[in-house]
**Q** 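First the structure, then my questions, so here it is.
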Amino acid sequence: MMDNLRAASNNVVLKIILALIILSFILTGVGNYLVGGSGDYAAKVNGQEIGRAQLEQAVQNQRNRLQQQLGDQFSALAGSEGYMQQLRQESLSNLIDVTLLDQYSKKLGIAVSDQQIKDAIFATPQFQTDGRFDNAKYLQSIQSMGYTADNFAQLMKRQLISQQLEQAFGQSDFVLPVESKSLGELILQSRDVQTATLDTNALAAKQQVTDAELQAFYDQNKNSFISPEQVKISYIEMDAAAMQGKTDVTDADISAYYDQHKNEFGQPERRRYSVIVLKTQADADAVAAELAKGTDFAALAKTKSTDALSAKQGGDLGWMEPETTLPEFKNANLTTKGQVSGVIKSDSGFFILRLEDVTPEKVKPLAEVRNTITDKLKQEKSLDAYYALQQKVSEAATNDNESLASAEQVAGTKAVHTDWFTQNQIPAGINFKPVVQAIFEGGLIGQDGSPGSNSDIITVDGDRAFVVRVDAHKAEGVKPFADVKDQVTAMLKHQKAQDQARDDGEKLLTALKDGKGDDAMKAAGLSFGAVQKVQRSQQPSAFEENVYALPHPQKDQLVYGLSQDDKGNSVLVKLTGVTPGVVPEADVARFTQEMQQTSSNVTFDALLTNLRQEAKIKYGSAAQNQ
């Protein structure tokens, strides 16, 4: 509900000036953009210069912002001289507005302290972590936007001044309850309509077109018939996985690998120890004496050991493999079960060991792991062969740069030849980003469009590689008329059908308004459908705009209109009823506040317009030579 209110109320004004001001600050991207420039200025505002460098910086920052937002689409826009001229003019206009507002704020004595700037930065949610200011996040954020700390502080200062200006004028604006109620009734109003559609597709099938009309339509709309860049290529693919099936492994290879990697095919010797840890030599000697008398090792570990964890287990440390056994344990040289060491000194104190058990090394027999070793060796050998083949094919493709014949011979396979394809329709076999980039961006096409050089090795995920050659190339261009005649015919018929639907709709609308609609509608084979309720959305369609443009129906008098749907069909509209909207009680206060903000924006807009009218603005050569 409130989204609809907000969207509609914002449509009441032409623009929100505060957003324009903030955009202007972002465009400048520098802190001291209002400092006077050299004699080569872009404009003078009441004698204050906007330097050429400032304008160029503003334009560049705007370009960067649009590039980030639009991506590749911006490249097409940037190629338009008219578009770039408009961008420069808008940037300069924004700089002029900012300068006027700065001058006016100084005249009113509006100022911002360093503490206010600091507080505003600290209060910005974007710079906070868990509700507290995060300096690292702050620096990272402003650097990503192209600002230094000083630049950004100046930006915040200008924004705070603008907010004070906006608030100064906003405080004088208020909205009466009756105004809020009336506007809510208008914005949330719903309308009951019936429609009858003139089907453009049905009319298109009946249209007649001449060759002269087709040629004229083609000439006027050539940009609609652009043929994208196309290529034919040949390529050699190398696949490590495919080579694995062609790799031989001998019995000698398998036996040698087994002998060298036995630890991979079994379990090494494991030993189980118990320990008593003591703080001093005296304590250790005393425990050793008790053990010599036959006292139980586990009982002494529980009562005497200072290592609480092992003491609970009677000193038991569990099974250990060679890699996890401490050097002191190994150096004790315990070899038989139950054997107890003497007192051993370590960095952490003193301890006494007992060897509880030993399990010998267990190795699976070769017969059990033969297949595993075979697969592993085949994979290793295939990878070696794969990289060796890459090197040979690369050398052959480089030495014989006129074709892939030499590379084919070395690779032992024929190159694959494709048909024509575009960058948006890549054959599945080569649909890998590195390959596509090499074809369309890698310099493989000669200056005149003729075949260029063979590519170097192009590797892709999955241990695959390609060598590519462009065999033929067609640059982007307008498709010949003969190739698109059927498409031109369909487009022209559809356009004629739309024109006819509009003309027929206008005639039927006149008949309906004159009270002769029944016969006219019957003759046209049309009738109005069931009643449907229309309510203005946040982004009204052309149909909604046309429905809401119709006057309220009076008693015993229907209202008719003509619109168009999203398919291009002409639509006759019969307005049968209008229901005023009601702002829910819970939203009244918020709605009134937003209406007051809108009123404030209108006042602020008027202020800026007045400042421009009264200002002496002189454009310099930097602006005139745009």
Side-chain angles (χ1 to χ4, degrees), residues 63 66-67 70-90 197-233 418-427 436 439-441 445-452 470-509 524 541-543 545-546 562-571 626:
R63 283 177 62 103
L66 292 172
Q67 178 69 55
L70 303 178
D72 294 339
Q73 296 179 6
F74 180 69
S75 299
L77 294 173
S80 168
E81 183 178 347
Y83 178 82
M84 297 308 297
Q85 179 81 357
Q86 180 182 354
L87 186 147
R88 290 179 64 86
Q89 291 173 350
E90 290 177 353
T197 301
L198 287 81
D199 190 341
T200 300
N201 289 332
L203 291 173
K206 303 175 183 179
Q207 301 302 313
Q208 300 295 321
V209 292
T210 66
D211 288 342
E213 288 176 325
L214 292 174
Q215 185 65 54
F217 185 88
Y218 170 80
D219 292 339
Q220 293 169 7
N221 298 276
K222 286 186 175 181
N223 287 340
S224 300
F225 309 107
I226 298 296
S227 175
E229 180 182 19
Q230 299 180 70
V231 294
K232 281 184 177 181
I233 72 161
T418 72
D419 200 351
W420 291 105
F421 65 88
T422 69
Q423 198 163 354
N424 294 325
Q425 296 176 322
I426 307 296
V436 174
I439 294 170
F440 289 96
E441 304 171 19
I445 301 169
Q447 291 184 350
D448 58 353
S450 60
V470 175
D471 296 326
H473 173 260
K474 292 180 183 178
E476 179 183 272
V478 178
K479 296 178 183 178
F481 173 71
D483 293 351
V484 295
K485 185 175 181 180
D486 290 344
Q487 183 182 355
V488 173
T489 300
M491 292 174 67
L492 181 55
K493 283 187 175 182
H494 192 267
Q495 180 177 298
K496 281 192 167 188
Q498 281 189 320
D499 293 340
Q500 181 183 335
R502 192 181 307 108
D503 291 342
D504 292 349
E506 292 287 355
K507 292 176 183 177
L508 288 169
L509 180 61
S541 64
F543 177 77
E545 294 285 6
N546 288 333
L562 182 65
S563 185
Q564 194 174 51
D565 63 18
D566 55 5
K567 297 179 181 179
N569 299 314
S570 289
V571 180
Q626 293 181 60

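All of these numbers come straight from a predicted model, not from anything done at the bench.
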**Q** Could you go through the side-chain contact (heavy atoms from CB on, under 4.5 Å) check for Val470 and Lys232 one step at a time?
**A** CA-CA 6 Å; Val470 175; Lys232 281 184 177 181; over 6 Å; no
**Q** When rounded to the nearest 0.5 angstrom, what distance separates CG in Leu198 from CG in Asp565?
**A** 10.5 Å
**Q** State which residues pass salt bridge (charged side-chain N to carboxylate O under 4.0 Å, His left out) with Lys485; sequence neighbours excluded, sorted by chain then number.
**A** Asp211
**Q** Quick one: does Glu213's side chain get under 4.5 Å of Leu492's, heavy atoms only?
**A** yes
**Q** Kindly say whether Asn424 contributes a backbone atom to a donor-acceptor pair with the side chain of Thr422 at under 3.5 angstrom?
**A** yes
**Q** Quick one: list whatever passes side chain to side chain donor-acceptor pair (under 3.5 Å) with Thr200, sequence neighbours left out.
**A** Asn569
**Q** Quick one: closest heavy-atom pair of Tyr218 and Phe225, and the distance?
**A** CD1-CD1, 3.8 Å
**Q** When you compare the side chains of Gln495 and Gln207, does any donor N or O come within less than 3.5 Å of an acceptor on the partner?
**A** no
**Q** Looking only at non-hydrogen atoms, find the nearest pair between Phe440 and Gln423 and report the distance.
**A** CZ-N, 3.6 Å
**Q** Between CG of Asp471 and CD1 of Ile233, what distance do you get to the nearest 0.5 Å?
**A** 8.0 Å
**Q** Which atom names give the shortest non-hydrogen contact between Val488 and Leu214, and what distance separates them?
**A** CG1-O, 3.6 Å
**Q** Can you measure from CD1 (Ile439) to CD1 (Ile445) and round to the nearest 0.5 angstrom?
**A** 9.0 Å
**Q** Quick check: closest heavy atoms across Arg502 and Leu562, and the distance to 0.1 Å?
**A** O-CD2, 4.0 Å
**Q** Roughly how far apart are Lys567 NZ and Asp199 CG, rounded to 0.5 Å?
**A** 8.5 Å
**Q** Work out which heavy atom in Lys474 is nearest to a heavy atom in Trp420; give both atom names and the distance.
**A** CE-CZ2, 3.4 Å
**Q** Is Gln500 close to Asp503 at the side-chain level, that is, under 4.5 Å between some pair of heavy atoms?
**A** no
**Q** To the nearest 0.5 Å, what is the distance between CD (Gln564) and CD (Gln498)?
**A** 5.5 Å
**Q** What closest approach, in Å, do Asn546 and Ser563 show between heavy atoms, and which atom pair accounts for it?
**A** ND2-OG, 2.7 Å
**Q** Just wondering, do Gln230 and Phe421 contact through their side chains at under 4.5 Å, heavy atoms?
**A** no
**Q** Can you sort out the partners of Glu229 under salt bridge (charged side-chain N to carboxylate O under 4.0 Å, His left out), two or more places apart, ordered by chain and number?
**A** none
**Q** Given 3.5 Å as the limit, does a donor-acceptor pair link the side chain of Lys496 with the main chain of Gln208, or not?
**A** yes
**Q** Would a distance-only check, ignoring hydrogens and angles, find a side-chain to backbone donor-acceptor pair under 3.5 Å from Gln487 to Val484?
**A** no
**Q** Is there a donor-acceptor pair under 3.5 Å between the side chain of Asn221 and the backbone N or O of Ser224?
**A** no
